[in-house]
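Reminder, nothing fancy here: chain letters follow the sequence lines and each chain counts from 1. This structure is a prediction, so every number in the text was calculated from the model and none was measured.
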Amino acid sequence: MKDYLEAQLREVLAAMEGVPADFQPEFETPSNPDHGDLATNAALQLARPLRRNPRQIAEEIATRLREKPLDPKKITDVEIAGPGFLNFRFAEHFLTQELAGLLAAGEAYGRTDGGQGKTAIVEYVSANPTGPLTVGHGRNAVLGDTIANLLDWTGYAVTREYYFNDAGRQMRILGESVCARYQALVDPALPTKKIKVGEGEFAEVPETFPEDGYLGDYIHDIARRLYDAHGDALGDDVKPFKEAAEKAIFADIKATMQRLGIRMDTYFNEHSLYEKDDVWKTLDRLREAGFVYDKDGAVWFETTKFGKEQDTVLVKSSGEPTYRLPDIAYHADKLARGFDKIVDVFGADHIATYPDVVSGVEVLGYDASRIDVVIYQFVTLVRGGEPVKMSTRKATYVTLDELMDEVGEDVTRFFFLMRAPQTHLEFDLDLAKEASDKNPVFYLQYAHARICSILRKAEEVGFTFGEAPDLDLLTHEAETVLMKELFRFPEVVQQAAKAREPHRLATYLRDVATAFSGFYRDCRIVGEERALATARMHLAHAARLVLHNGLTVLGISSPEQM
RNA sequence: GCCCCCGUAGCUCAGUGGAUAGAGCAUAGGUUUCCUAAACCUAGUGUCGCAGGUUCAAUUCCUGCCGGGGGUACCA
């Protein structure tokens, strides 16, 4: 419809004097229904170049549009309002045509092919296997997964990738932590020590426990399982402990992701970049390009040439690379794999590092504009009105599993998606637990379940989807309001995908549920005359489809009864 | 110091150039002989942090300031 009107308007404007050739008319859907279904501010924008009163310009455009004339099966009315807006009103017939299209598309309604078969890779979660996923990881996981869904729905072939590092210092400490716990099981008389874990807080640990070791219960569990399986045969070589811990923790992480409905396509081990020698080749190429120098025994990247205040160390004087170098190699790898869109989902703590990655791959000759970094702000966990400091190492965290046990998988996903990524998310655990039935996700699911119930009841009394509906019977205001709301769905999906902002879809679905409530209140099905009831069944079904499809994109179930 | 994000109703947040700034929660009241009351309806509140600027039009864009958070390691 927008396309039709834009074409008509362009023809009219082309015939008017003084309109710039490159003038781009803008359309919008007015929030106030009195202002019609679609409006354009063209006359206001033209006021300056034409040096005429905008209302006068609007009059001329309106007259010319009426003379064309506009197709009465699409547009019934053009009016001038306010300072010079042109408001258009859709013909009812147009709405019912759209409804037929929606019903025909079914569970594919909302899918568009703007991606044109292009490829995208979304990197998310990417937690190193040092402990269970926490609430903090949850926002990353759910955001990334939903952005991947949105890209899928807008025509991209999407790869979901999990990047991890199981070779660094943290993993060694993990192995040592398990080893120490194991040794204490072998010999309970082993001496212990106290280590500081915070301001005035101490933990009693085995003598061999690393100073900055991991204190979580899962470490005990892993040690206990190793002891049960191998007795005292393992000795004090850290390697088997590290490997066992990684395996157990990764299995745990994957199980948690599965509960959230997340399935990765690929797991990318940072170590593979060393096996392929990519890390050092990357360094050589940066050096050849003239952006690398040696100083104080370390290797530096000249990030000052890209507007940063300081240069950045790529290789420490110990000969060990900092994480930036493999990060650059990894992104070069993704670019070389040919993805059209590369989306990274990072916490706010990465905000200073990704520009280095962008600079790095540009130096390597790649088009860094293909990379799109979604930075989300941290989750502040609040319990009993107090913010909770979370640390994987100190084991002062709430796991994602615990959260899902308390409030459920659907609420967990929805909660993380409700707000714009760039705003801080205050997660009040007490509220989430105690008042979880007030979470908006139930509002959406309830609306869906209620539609299913209505349709079941309608079929019980003898109405059927087998009959061709006369959709033109849908002229009640509550019906047209609902239809217009439903038709926004594909555009909302596109906008949410483009902006990488899933919360737009969550907000929209609430509006759909509200519009359906209005229909439910004013328009009955059971008890109505057969033709009207049949038409309304189809409209209710359309509303169910939009809710179901929208919830599917968000990764949330749409129950048929509650 | 410098960089990034945020500042909108009592609370949590939508709203990125338009016509009277919205929703949920909370508060007060009302609605079930009627397809699911996990619902619906009604009532009320705003110096859109402050000050300038650009524009026919600014909560939205630009600059400065104030406040909150994050970053600014040869840590990841």
Asks: Would you mind telling me which of B/C6, B/G70, B/C35 lies closest to the side-chain atoms of A/Lys457?
Replies: B/C35
Asks: Please report the distance, rounded to the nearest Å, between CG in A/Leu86 and C1' in B/A19.
Replies: 13 Å
Asks: Taking atom types as they are modelled, would you say the side chain of A/Asn87 forms a donor-acceptor pair with the base of B/A19 within the 3.5 Å cutoff?
Replies: yes
Asks: Look at the rings of A/His538 and A/Phe465 and say which category their plane angle falls in: under 30° parallel, 30 to 60° tilted, over 60° perpendicular.
Replies: perpendicular
Asks: Scan A/Gln561 against the nucleic acid and name what it touches under 4.0 Å (heavy atoms): base, sugar-phosphate only, or nothing.
Replies: base
Asks: Select one nucleotide: of B/G18, B/A76, B/C5, the one nearest the side-chain heavy atoms of A/Asn165.
Replies: B/A76
Asks: So what does A/Asp296 touch, heavy atoms closer than 4.0 Å: a base, only the sugar-phosphate, or nothing?
Replies: base
Asks: Please determine, for B/G29, whether a Watson-Crick or G-U wobble partner exists with both distances under 3.5 Å, and give it or none.
Replies: B/C41
Asks: Classify the angle between the aromatic ring planes of A/Tyr163 and A/Tyr330 as parallel (below 30°), tilted (30 to 60°) or perpendicular (above 60°).
Replies: parallel
Asks: Which part of the nucleic acid, if any, lies within reach of A/Glu309 when heavy atoms closer than 4.0 Å are counted: base, sugar-phosphate only, or nothing?
Replies: base
Asks: Extract from the structure each pairing of a protein N or O with an N or O of nucleotides 38-45 of chain B at less than 3.5 Å, listing the distance.
Replies:
from: B/A39; atom 1: O2'; to: A/Arg450; atom 2: NH2; distance (Å): 2.8
from: B/C40; atom 1: OP1; to: A/Tyr443; atom 2: OH; distance (Å): 2.6
from: B/C40; atom 1: O3'; to: A/Arg521; atom 2: NH1; distance (Å): 3.2
from: B/C41; atom 1: OP1; to: A/Arg521; atom 2: NH1; distance (Å): 3.3

Asks: Side chain of A/Phe85 only, please: which of B/G1, B/G18, B/U55 is the nearest?
Replies: B/G18
Asks: So which nucleotide from B/G69, B/A76, B/A19 ends up closest to the side chain of A/Pro30?
Replies: B/A19
Asks: At under 4.0 Å between heavy atoms, what does A/Ala47 touch on the DNA or RNA strands: base, sugar-phosphate, or nothing?
Replies: nothing
Asks: Heavy-atom nearest nucleotide on RNA chain B for A/Asp34 versus A/Gly297: which residue maps closer to 5'?
Replies: A/Asp34
Asks: Using a cut-off of 4.0 Å on non-hydrogen atoms, how would the nucleic acid contact of A/Ala39 be classed: base, sugar-phosphate, or nothing?
Replies: base
Asks: Under 4.0 angstrom, heavy atoms only, what part of the nucleic acid is A/Arg419 near: base, sugar-phosphate, or nothing?
Replies: sugar-phosphate
Asks: If you look at every strand shown and take non-hydrogen atoms under 4.0 Å, does A/His503 touch a base, only sugar-phosphate, or nothing?
Replies: sugar-phosphate
Asks: Would you say A/Lys305 has more than 12 foreign heavy atoms packed within less than 6.0 Å of its NZ?
Replies: yes
Asks: Does the base of B/G71 carry an N or O that pairs as donor and acceptor with the side chain of A/Asp349 under 3.5 Å?
Replies: no
Asks: Looking at B/A19 and A/His35: do their rings stack (centroid distance under 5.5 Å, interplanar angle under 30°)?
Replies: yes
Asks: Does B/U32 sit syn or anti, given that only angles within 90° of 0 count as syn?
Replies: syn
Asks: Out of B/C5, B/C4, B/C35, which has the shortest distance to the side chain of A/Val526?
Replies: B/C35
Asks: Counting only side-chain heavy atoms from C-beta out, which of B/G18, B/A19, B/C74 sits nearest to A/Leu44?
Replies: B/G18
Asks: Any side-chain N or O of A/Lys308 under 4.0 Å from OP1/OP2 of B/G71?
Replies: no
Asks: Of the listed nucleotides (B/C5, B/C74, B/G18), which one gets closest to any side-chain atom of A/Glu28?
Replies: B/G18
Asks: Output the single nucleotide from B/A23, B/C74, B/C5 whose closest atom is nearest the side chain of A/Arg510.
Replies: B/A23
Asks: Across the strands shown, which category fits A/Glu26 at heavy-atom distances under 4.0 angstrom: base, sugar-phosphate, nothing?
Replies: nothing
Asks: So A/Ala352, base contact, sugar-phosphate only, or nothing? Heavy-atom distance under 4.0 Å.
Replies: sugar-phosphate
Asks: Quick check on RNA chain B: between A/Val315 and A/Ala449, whose nearest nucleotide comes earlier from the 5' end?
Replies: A/Ala449
